[in-house]
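Quick notes on the structure that follows.
As a basis for the values below, the full set of heavy atoms in this structure was taken, side chains included, without hydrogen atoms, waters or symmetry mates. Reminder, nothing fancy here: chain letters follow the sequence lines and each chain counts from 1.
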Amino acid sequence: MSTLTILLAIARKEFIDHLRNGWIIAVGLAFAIFSLLITFVGFGFTGSVGIGQEQSTLFSLINLVIYLVPLLGLLLSYDGIAGEHERGTLDLLRSYPFNTTLLLYGKWLGLFLVLTATLIVGLTAPAAISIYSGHTLQAWTLLLITSVWIGAIFISIAIMFSVLILDRGKLIAIAIGIWLLFVVLFDLGVIGILVATEGDVPMGLVNLLFYLNPAALYRLLSIDLMMDDAMITQLGLMGQIPPTPALFAAITAWTIIPAAIAGWRISTLGK
Amino acid sequence: MPQRRIINHGQGGGVILSLSRIRKGFPGKEVLKSIDLQVAPGQLVALVGNNGQGKTTLMKLVLGLLAPDAGKILINGKTVAATRTTSQKALFGYLPETTAFYPNLTGQETLNYLSSLKQGEHSRVAEALAIVGLQHAAKQRVKTYSKGMKQRLGLAQALLGDPKLLLLDEPTNGLDPSGIHEFYQILEQLKGEGVAILMSSHLLAEIEPRSDALALLKDGIISAYGTVAELINDAELPSIIKFQKGQNYNQQALDQILQQHTTEKRYIEQTETFVLSCHPSHKQALLLALLTTDNLVAKLIVNDPGLEELFLQLNSGLKIT
């Protein structure tokens, strides 16, 4: 009873804090504006403005999620533990009669709920309009779930660095660096390798590189789950996407391993 | 010479906290070299020392937030490992030196949250708020609190869960005079209930009348330990006697008295005041001689040494004259 009570109390406090500081509403509305624009404009190659084809709209939204949600997860969480440290409450809470790892996982849960609420705020309006126009609820539900999951991965990564570094000044730079690395530079690097070798790179190596980047994994998993064969072919990915269980295993590992490292570190602080 | 006394005049007997030869260093600096200290139920032990002498480090070692490099920590007579168990942590109430809390929560929500983490009853939150005089601001967000109110909130959270050992790091920082008075009233009540208190402070005038024992941290050891009276007595600090010339002032008579009591004198012309620095063993006889010589002196004031003088002498070797 007590472990769950403590976990939920920490998560609840985290959620209330972000609700009151306006994060959920402000970021959720900004996300909603981008999503609505994409929903109305559709994807470039549909060639028309208005509610686009479901597949092309979803593909555009997947790309929006890849650019924005990792950044949201990182900015939301980079000071999760470092903020407690600088506020003076980390030592206080570590002196309290509960296992300190609960602080970390309660915080993770709270931040996860904050991000989920933000994405619900951000995706509800475009989803409602799309579904009213004939798109399926299932596709939007999948989009929400996978978006929350990619966010959860970057929450885990940010929390890990937060407890390892404990310095908000450095952490904001690290957060932006991680985003640039995984979201912007990684793709450019892979394209660079392919161009430099004129495509003569074993597919196994390319896949291995994708496993090293959670954003790339998310893109592949989302395409695998939400796109039909015609769209996958159009994207040139037919036969190139790793097996779905392998993608699930990889993004699960990306979610759990950083959080586990953070849990280990917080339990050994000061030792 | 370092003075070591084990004082146990608290209620309930026994010792709740015992530190034995504790050593703790950080890269490039050994902060604590060998610390021996005991705190008994109902006792307030004040940790004093200059900045950087290791007062906060010592508290963190007790709480298990840091691990000692060597030495033993005993809680309720049992040696504890580097990591505190939940039941050991439940004995503590801790007020860190600076705690900002959560600006978007109200005082009551903050305590409800912290009470949940201490697995306490929320019904005790109102009581804790009332004890520290914050019930009027319970529904206000913490970001609207003054520094003193945050400090009261900090004390309130330390009281949650009925701690048996309070560790208070500079607890009266930011409190106004009435707040300080109320704060010590709360501590008196807690002492009466058998709570042991280990407190650090720079405000010597506050601590002097309220602490049961004083531990001076200097150069990594407790260089002095005892009641304020005992330490002042041991240190043989001089009393300062000031007076002006009486109607029958006579230089020769005064010099004769001072010679008998081997006492040095200074004369401050601006205020026409003599200042004597008198060894404690001579004070009574000297005063008797000065006061019984007809109108030799006027407006005589005796300043007995206090904690501040003791601190300066023990800490820096400065003699108060």
Side-chain angles (χ1 to χ4, degrees), chain A residues 1-26 79-107 109-111 114 166 168 263-271, chain B residues 24 26 56-57 59-69 81-106 109-120 122 141-143 150 153-154 157-158 160-163 165-167 169:
Chain A
M1 172 258 176
S2 59
T3 300
L4 188 63
T5 308
I6 290 168
L7 197 74
L8 293 178
I10 295 166
R12 182 175 177 275
K13 178 249 141 200
E14 204 64 33
F15 189 84
I16 291 173
D17 215 7
H18 284 87
L19 187 67
R20 289 191 182 161
N21 70 18
W23 206 94
I24 293 173
I25 300 298
D79 68 344
I81 299 298
E84 296 276 358
H85 176 63
E86 290 188 7
R87 207 181 290 120
T89 42
L90 181 58
D91 276 347
L92 180 67
L93 297 181
R94 286 176 62 219
S95 77
Y96 272 36
F98 66 90
N99 187 329
T100 313
T101 52
L102 288 177
L103 172 65
L104 189 119
Y105 295 123
K107 205 165 256 291
L109 179 62
L111 294 168
V114 169
L166 290 177
R168 292 177 76 203
W264 160 79
R265 182 63 191 119
I266 202 166
S267 66
T268 57
L269 278 178
K271 304 294 185 289
Chain B
K24 179 66 184 175
F26 298 102
T56 300
T57 299
M59 290 197 177
K60 289 185 176 182
L61 288 167
V62 172
L63 291 161
L65 302 178
L66 293 172
D69 298 333
T83 306
R84 301 286 167 273
T85 63
T86 301
S87 59
Q88 286 161 357
K89 284 178 173 181
L91 297 170
F92 302 137
Y94 175 44
L95 175 59
E97 188 176 356
T98 49
T99 312
F101 292 110
Y102 308 103
N104 291 315
L105 299 189
T106 67
E109 285 169 341
T110 301
L111 290 190
N112 280 337
Y113 168 57
L114 297 174
S115 174
S116 299
L117 303 187
K118 282 193 171 183
Q119 296 157 66
H122 282 197
R141 290 199 190 176
V142 172
K143 65 181 168 192
K150 284 179 188 164
L153 188 65
Q157 67 74 29
L160 294 171
D162 296 326
L165 172 62
L166 272 179
L167 296 126
D169 199 355

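- Heavy-atom neighbours of R12(A) CZ from other residues, nucleotides or ligands within 6.0 Å: at or below the threshold of 12.
- Of all non-hydrogen atoms in K13(A) and L105(B), the two that sit nearest each other are CG-CD1, 3.7 Å.
- With a threshold of 4.5 angstrom between heavy atoms, I10(A) approaches chain B through its backbone and through its side chain.
- Within the structure, salt bridge (Lys or Arg N to Asp or Glu O under 4.0 Å) pairs that include any residue of residues 89-101 of chain A comprise D91(A)-R94(A), D91(A)-K60(B) (at least two apart or interchain).
- Comparing Q157(B), R84(B), E109(B) by how many heavy-atom pairs each has under 4.5 Å with chain A, the most go to Q157(B).
- For the atom pair L117(B) CG and F98(A) CZ, the distance stands at 5.0 Å (nearest 0.5 Å).
- The line from NZ of K118(B) to CD1 of I6(A) is 12.0 Å long, rounded to the nearest 0.5 Å.
- For L114(B), the parts lying under 4.5 angstrom from a heavy atom of chain A are both the backbone and the side chain.
- For chain A, the nearby parts of T83(B) are the backbone and the side chain; heavy atoms of each come within less than 4.5 Å.
- Residues P96(B) and L92(A) come closest through the heavy atom pair CD-CD1, 3.8 Å.
- In terms of heavy-atom proximity, L93(A) sits nearest to Y113(B) at CD1-OH, 4.2 Å.
- Shortest non-hydrogen contact noted between S95(A) and L65(B) is N-CD2, 3.9 Å.
- Sorted by first and then second residue, the pairs that involve residues 89-103 of chain B and meet side-chain hydrogen bond (donor to acceptor under 3.5 Å, both in side chains), not counting sequence neighbours, are E84(A)-Y102(B).
- With rounding to the nearest 0.5 Å, the separation of OG1 in T86(B) from CG in N99(A) is 7.0 Å.
- Only the backbone of L269(A) has a heavy atom closer than 4.5 Å to any heavy atom of chain B.
- A donor-acceptor contact shorter than 3.5 Å links the side chain of Q119(B) to the backbone of P97(A).
- How far OH of Y96(A) is from CG of L160(B): 6.0 Å, rounded to the nearest 0.5 Å.
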